[in-house]
Amino acid sequence: MEKMPQTPTFAAMFNSSGYSRHLYVNREGNCGGLFYQDNNLVSGSLEALIQHLVPTADYYPDRTYIFTFLLSSRLFIRPYELLAKVCLMCIEQQRLNETILDKAKIRKFAPKIVQLLYNWTETFPYDFRDERMMRNLKDMTHRIAAMDELHRKSVQQMTQNLIRKLATLNQYEEVLSKLNASATDRLTVLRTKPQSIQRDIVTICNDPYTLAQQLTHIELERLSHIGPEEFVQTFAHKDLLDNNKSCINDLKKTSNLEAYVEWFNRLSYLVATEICMPVKKKHRARIIEYFIDVARECFNIGNFNSLMAIISGMNMSPVSRLKKTW
């Protein structure tokens with residue numbers, strides 16, 4: 001993707017009617033429904049903010065604004081509704097429904113709308129698990145490919161990357177589902193096994209550094225599947241009014257953040273279980289020393305989530321009450 005021109009704040013731009021929806025004034029105040037303070041956009045009406053997102057032949061929104069608006073707008077409008085509005089504005093502004101098109105103008109506009117869609121699909125791919133999103137995307141990309149052959153390859157690459165990301169997510173969710181099921185089965189087997197034949201973590205992996213590395217691999221894999229929108233949807237849910245909660249519930253397409261929290265809890269309980277399983281005090285002390293070494297290696301690697309999970313497991317009451325062991 002070629003680098004898009006970034007419109008400077010408050011740059012004066014005019015369309016054929018002598019007025020641009022992206023016209024700004026170099027002062028604080030209101031301009032076309034957008035409010036500025038110290039030359040920074042701070043708020044605006046939903047329609048004005050959507051219009052500010054829509055590229056034209058001579059305008060492309062700032063990348064920071066694109067990310068911020070696509071992330072926060074889902075609290076007020078569903079992504080498929082936003083994409084539908086963006087596509088409609090593009091069609092109307094560029095007169096894409098007319099029989100005779102301004103090819104010179106289209107050649108300038110096409111790379112900008114492709115870049116916007118590319119940024120959207122790369123940053124928030126999970127939005128496109130919604131069939132309505134895919135429909136709007138296919139409709140717009142089909143129009144672009146039909147109008148400008150030069151961007152057909154870019155459109156195809158963008159679509160292929162998106163499909164690959166969604167397929168990877170589906171595979172990850174299937175693996176998580178199988179892991180959860182097998183964990184339940186293992187717990188049942190563990191309870192029926194005689195304690196004499198149960199193996200502790202030190203027997204399985206006696207090197208703290210190796211375990212810390214493996215924990216880091218797991219952390220990175222799980223963290224890589226969490227989308228930024230999941231944090232907004234999770235933390236904003238309890239603060240929203242009732243009429244907006246249905247919007248958030250409708251948007252919830254993934255549960256990767258919850259799976260990451262569940263992984264943290266599972267690791268904490270593993271630590272506590274491994275420490276409490278040995279009958280003899282010296283064996284418990286050996287396991288505690290082992291997990292302290294693992295925690296130290298996690299700290300050195302930079303894996304602070306596993307570090308805190310191990311500390312959390314050691315602070316659980318069944319472990320902390322073992323005064324003689326400590």
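We count residues from 1, following the sequence as given. Because the structure is a prediction, the values reported are computed rather than measured.
Side-chain atoms of E230 come within 3.5 Å of backbone N or O of G227 as a donor-acceptor pair. A donor-acceptor contact shorter than 3.5 Å is absent between the side chain of S177 and the backbone of E173. Without hydrogens or angle criteria, R95 side chain to I91 main chain gives no donor-acceptor distance under 3.5 Å. Here the side chain of K108 pairs no donor or acceptor atom with the backbone of D58 at under 3.5 angstrom. In terms of modelled atom types and a separation under 3.5 Å, the side chain of N136 and the main chain of R132 share a donor-acceptor contact. For R129 (side chain) and L166 (main-chain N/O), no donor-acceptor pair under 3.5 Å exists by modelled atom type. No donor-acceptor distance shorter than 3.5 angstrom exists from the side chain of S306 to the backbone of N303, with no hydrogens or angles considered.
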Practice problem: Take L176 and R222 through the side-chain contact (heavy atoms from CB on, under 4.5 Å) test and state the conclusion after the steps. | Solution: CA-CA 10 Å; L176 281 184; R222 292 184 176 240; 3.5 Å; yes

Exercise. Take S154 and Y118 through the test side-chain contact (heavy atoms from CB on, under 4.5 Å) and record every step on the way to the result.
Key: CA-CA 9 Å; S154 298; Y118 178 83; over 6 Å; no

Self-check item: L70/L53 under side-chain contact (heavy atoms from CB on, under 4.5 Å): CA gap, chis, key distance, verdict
Solution: CA-CA 9 Å; L70 291 180; L53 179 70; 4.1 Å; yes

Exercise. Could you go through the side-chain contact (heavy atoms from CB on, under 4.5 Å) check for L137 and L162 one step at a time?
Key: CA-CA 11 Å; L137 178 66; L162 175 60; 3.6 Å; yes

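Between E262 and R266, at least one side-chain nitrogen of the basic residue sits less than 4.0 Å from a carboxylate oxygen of the acidic one, meeting the salt-bridge criterion. With salt bridges taken as basic N to acidic carboxylate O contacts below 4.0 Å, one links K85 and E47. In summary, R78 and D130 do not engage in a salt bridge, as defined by a charged side-chain N under 4.0 Å from a carboxylate O. D139 has a carboxylate O that lies under 4.0 Å from a charged side-chain N of R143, or vice versa, which qualifies the two as a salt bridge.
Judged by the 6.0 Å distance and 45° axis criteria, R135 is not positioned over the aromatic ring of Y80.
I310 and Y269 are members of different hydrophobic clusters when ILVMFWY side chains are connected at heavy-atom separations under 4.5 Å. Residues L71 and F69 fall within the same hydrophobic cluster, defined by Ile, Leu, Val, Met, Phe, Trp and Tyr side chains chained together at heavy-atom separations under 4.5 Å. L267 is not connected to Y209 by any chain of hydrophobic side-chain contacts under 4.5 Å among Ile, Leu, Val, Met, Phe, Trp and Tyr, and they are in different clusters. Using a 4.5 Å cut-off between side-chain heavy atoms of Ile, Leu, Val, Met, Phe, Trp and Tyr, with links allowed through other members, M133 and L88 fall into different hydrophobic clusters. Follow the hydrophobic side-chain contacts under 4.5 Å out from I287 and you never reach M316; the two are in separate clusters.
With a 4.5 Å cut-off on side-chain heavy atoms, L75 and Q233 do not count as touching. Side chains of N119 and F67 form no contact here, defined as non-hydrogen atoms less than 4.5 Å apart. The shortest side-chain heavy-atom distance between F109 and I144 does not fall under the 4.5 Å cut-off. Contact of the E219 side chain with the Y260 side chain is registered, since non-hydrogen atoms from C-beta on lie closer than 4.5 Å. Looking at heavy atoms from C-beta onward, N315 lies out of side-chain contact with V319 at the 4.5 angstrom threshold. With contacts defined as side-chain heavy-atom distances shorter than 4.5 Å, the pair E131/M134 does not qualify. Side-chain contact between Y290 and V294: present, with at least one pair of heavy atoms (C-beta onward) separated by less than 4.5 Å. Looking at heavy atoms from C-beta onward, L215 lies in side-chain contact with W263 at the 4.5 angstrom threshold.
To the nearest 0.5 angstrom, R63 atom CZ is 11.0 Å from L116 atom CG. D62 CG to Y60 OH: the interatomic distance, rounded to the nearest 0.5 Å, is 9.5 Å. A distance of 4.5 Å separates CD1 of I77 from CD1 of I50, quoted to the nearest 0.5 Å. With rounding to the nearest 0.5 Å, the separation of CD in Q51 from OG1 in T56 is 9.0 Å. Rounded to the nearest 0.5 Å, atoms CD1 (I201) and CG (L211) are 5.5 Å apart. Between the CD atom in Q37 and the OG atom in S43 there is a gap of 9.0 Å [rounded to 0.5 Å].
For the pair L34 and H52, the tightest heavy-atom approach, listed with the atom from each and the gap, is CD1-ND1, 3.9 Å. Heavy atoms only, all atoms of each residue included: T121 and M158 are closest at OG1-CG, 3.6 Å. Across all their heavy atoms, E122 and N161 have their closest contact at OE2-CB, 3.9 Å. The heavy-atom pair separating L49 from G44 by the smallest distance is CD1-O, 3.5 Å. The two residues Q94 and A57 make their nearest non-hydrogen contact at NE2-N, 4.1 Å. Nearest heavy-atom pair, C90 versus I113, reported as atom, atom and distance to 0.1 Å: SG-CD1, 3.7 Å.
Other members of the hydrophobic cluster containing F299, listed by chain and number, are F264, F304, L307, M308, I311; membership follows side-chain contacts under 4.5 Å among ILVMFWY residues, whether direct or relayed.
Using cut-offs of 30° and 60° on the angle between ring planes, the pair H225 and Y172 is parallel. Relative ring orientation between F128 and W120 is described as perpendicular, the plane-to-plane angle rising above 60° on a 0-90° scale split at 30° and 60°.
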